[in-house]
Amino acid sequence: GAMLQLLNTVTRDSLHRYGSGLRAAVGAAFRLGTGKADDPDDFVDVPSGDGQHDVELRTQWDVLLGRSLALGLGGRYVLQLPDRETVRIIEPHQPFPAYWRRHDVDRDLGDVVDIQVTPRVALGSFFSVMAQYRTRRKAEDRHTGRFNVTNDLGDPVTLDASILDAETEQREDRVSIGLGYSTLTSVARGRARLPIEIFLQYGESIRGSGGKTPKVSVGVMQVRMYF
């Protein structure tokens with residue numbers, strides 16, 4: 001992947017304090033489908049991915065309003081490329097489908113739109129607080145393929161792969177709060193020696209829809225040291 005800065009009107013004074021301004025960047029990435037997909041013959045496996053390739057477009061905008069207040073606006077669009085997969089064709093919530101339902105189908109996973117709004121407030125030279133609202137939308141998956149088979153009783157059955165599309169559309173809204181500690185500005189001013197950043201964040205889903213949309217509670221701690 002790569003990022004390209006579109007503009008940067010943010011200035012810093014002789015004490016390395018940021019003033020008002022605007023920063024904007026765009027980027028793109030290509031992700032290989034190297035994650036292990038769901039195994040149709042293992043009903044208790046935990047897949048590490050979907051097994052297909054993605055193209056992601058992203059943008060990030062930072063609006064600095066003086067020395068203490070900033071607003072971050074971020075967005076990304078994930079284009080999930082079509083592929084083929086081996087699945088067992090059955091309606092949702094059927095955990096043990098029969099082997100005669102196992103077939104190769106064409107699959108096009110739904111694209112993803114992810115938007116984040118993040119205001120930040122600096123509390124002096126070292127600490128800052130933030131809040132974030134994030135909304136994520138995933139379109140419905142598309143599976144195609146029809147198969148004329150015989151079930152366990154010897155009766156003819158027609159399987160339509162489109163039944164796999166059910167409950168694959170997702171929507172999630174999440175809010176987060178965070179606390180940051182940074183010595184970078186103080187190091188630049190000669191008031192501190194160790195350039196380090198520590199960031200704590202907690203987020204939780206407040207609203208969602210879709211049969212496979214999890215309610216998420218996540219805590220993040222990041223520590224960065226610069227040499």
(message) Restricting to non-hydrogen atoms, name the atom on Leu164 and the atom on Ile90 that form the minimum distance, rounded to 0.1 Å.
(response) CD2-O, 3.7 Å

(request) Identify whether Val129 and Val223 are in the same connected component of the hydrophobic contact network (ILVMFWY, side-chain heavy atoms under 4.5 Å). (result) yes

(request) Starting at CZ of Arg107, measure out to CD of Glu85 and round the result to the nearest 0.5 Å. (result) 4.0 Å

(request) Compare all side-chain heavy atoms of Met3 with those of Arg58 and state whether any distance is below 4.5 angstrom. (result) yes

(request) Working to the nearest 0.5 Å, report the span between OG of Ser205 and CZ of Arg174. (result) 5.0 Å

(message) Let me check something: do Trp61 and Leu71 share a hydrophobic cluster, defined by ILVMFWY side-chain heavy atoms less than 4.5 Å apart, either directly or through other members?
(response) yes

(request) Measure the CD-CE distance between Gln132 and Met130 for me, rounded to the nearest 0.5 Å. (result) 4.5 Å

(message) Between Arg193 and Val187, is there a side-chain heavy-atom distance shorter than 4.5 Å?
(response) no

(request) Compare every heavy atom of Val87 with every heavy atom of Pro40, then report the nearest pair and how far apart it is. (result) CB-CA, 4.2 Å

(request) Flag the pair Asp173 and Arg137 as a salt bridge only when some basic side-chain nitrogen lies within less than 4.0 angstrom of an acidic carboxylate oxygen. (result) yes

(request) May I ask whether Ile115 and Tyr77 are part of the same hydrophobic cluster, defined by side-chain heavy atoms of I, L, V, M, F, W, Y residues being less than 4.5 angstrom apart, directly or through others? (result) yes

(message) Less than 3.5 Å apart, any donor N or O on the side chain of Arg142 or Thr144 sitting next to an acceptor on the other?
(response) no

(request) Tell me, yes or no, whether the heavy-atom count around Arg84 atom CZ, taken from other residues, nucleotides or ligands under 6.0 Å, exceeds 12. (result) yes

(request) Would you name the heavy atoms of Val218 and Val220 that are closest together and state the gap between them? (result) CG2-CG2, 4.1 Å

(request) Before accepting this row, confirm whether a basic side-chain N of the pair Lys212/Glu167 lies closer than 4.0 Å to the acidic partner's carboxylate O. (result) no

(message) If I take atom CD from residue Gln52 and atom CG from residue Leu81, how far apart are they, to the nearest 0.5 angstrom?
(response) 7.0 Å

(message) Quick one, Phe126 and Ser186 - any side-chain contact, counting heavy atoms below 4.5 Å?
(response) yes

(message) In this structure, would Phe199 and Met225 fall into the same cluster of hydrophobic residues linked by side-chain contacts under 4.5 Å?
(response) no

(message) Could you check whether any side-chain N or O of Thr9 sits under 3.5 Å from a backbone N or O of Gly21, counting only pairs where one atom can act as donor and the other as acceptor?
(response) no

(request) Might you point out which heavy atoms bring Arg88 and Pro97 nearest each other, and give the distance in Å? (result) NH1-O, 2.9 Å

(message) Is it the case that the side chain of Thr183 and the backbone of Leu194 share a donor-acceptor pair, with hydrogens and angles ignored and the cut-off at 3.5 Å?
(response) yes

(message) Ignoring hydrogens, what is the shortest heavy-atom contact between Gly110 and Lys138? Give both atom names and the distance.
(response) O-CG, 3.9 Å

(request) Indicate yes or no: at least one non-hydrogen side-chain atom of Asp108 is less than 4.5 angstrom from one of Asp141. (result) no

(request) Give the C-alpha distance, both sets of side-chain angles, the deciding distance and a yes or no for side-chain contact (heavy atoms from CB on, under 4.5 Å) between Val10 and Leu22. (result) CA-CA 6 Å; Val10 179; Leu22 176 66; 5.8 Å; no

(message) Let me check something: do Val121 and Val63 share a hydrophobic cluster, defined by ILVMFWY side-chain heavy atoms less than 4.5 Å apart, either directly or through other members?
(response) yes

(request) Evaluate the criterion side-chain contact (heavy atoms from CB on, under 4.5 Å) for residue pair Thr150 and Trp100; output intermediate values, then yes/no. (result) CA-CA 7 Å; Thr150 301; Trp100 54 269; over 6 Å; no

(message) Hydrogens and angles aside, do Glu197 and Gln222 bring a side-chain donor and acceptor to less than 3.5 Å of each other?
(response) no

(message) Keeping Thr158 on the side-chain end and Asn148 on the backbone end, is there a donor-acceptor pair under 3.5 Å?
(response) no

(request) Could you tell me the separation between the CD1 atom of Ile198 and the CZ atom of Phe127, rounded to the nearest 0.5 Å? (result) 8.5 Å

(request) Could you tell me whether Glu172 and Arg136 have a side-chain N and a carboxylate O separated by less than 4.0 Å? (result) no

(message) Between Phe147 and Val105, is the side-chain contact (heavy atoms from CB on, under 4.5 Å) condition met? List the steps.
(response) CA-CA 10 Å; Phe147 308 91; Val105 304; 3.8 Å; yes

(message) Side chains of Ser217 and Tyr202, heavy atoms from C-beta outward: is any pair under 4.5 Å?
(response) yes

(message) Checking side-chain polar atoms at under 3.5 Å, does His53 have a donor or acceptor matched by the opposite partner on Gln80?
(response) no

(message) Please report the interatomic distance CZ(Arg101) to CG(Leu159), rounded to the nearest 0.5 Å.
(response) 5.5 Å

(message) Please determine whether a side-chain nitrogen of the Lys or Arg among Arg102 and Asp41 lies less than 4.0 Å from a carboxylate oxygen of the Asp or Glu.
(response) yes

(message) Donor-acceptor pair, distance only, cut-off 3.5 Å: does the side chain of Asp45 make one with the backbone of Asp39?
(response) yes

(request) Determine whether more than 12 heavy atoms belonging to other residues, nucleotides or ligands lie under 6.0 Å from atom CG of Leu200. (result) yes

(request) Let me see the working for His143 and Ser162 under side-chain contact (heavy atoms from CB on, under 4.5 Å), right down to the final yes or no. (result) CA-CA 5 Å; His143 297 82; Ser162 64; 5.8 Å; no

(message) If you define the side chain from C-beta out and look only at heavy atoms, does anything of Arg120 sit under 4.5 Å from Ser128?
(response) no

(request) Kindly say whether Lys36 contributes a backbone atom to a donor-acceptor pair with the side chain of Ser48 at under 3.5 angstrom? (result) yes

(message) With heavy-atom distances below 4.5 Å as the criterion, would you say the side chains of Asp54 and Leu79 are in contact?
(response) no

(message) Just checking Phe96: does its CZ atom have more than 12 heavy atoms from other residues, nucleotides or ligands closer to it than 6.0 angstrom?
(response) no

(request) Run the salt-bridge test on Glu56 and Arg31 with the 4.0 Å N-O cut-off and return the result as yes or no. (result) yes

(request) Flag the pair Arg76 / Leu57 as yes when at least one side-chain heavy-atom distance between them is below 4.5 Å, and no otherwise. (result) no

(message) Can a donor-acceptor pair be found, under 3.5 Å and without considering hydrogens, that links the side chain of Ser20 to the backbone of Gly66?
(response) yes

(request) Looking only at non-hydrogen atoms, find the nearest pair between Arg224 and Tyr226 and report the distance. (result) CD-OH, 3.6 Å

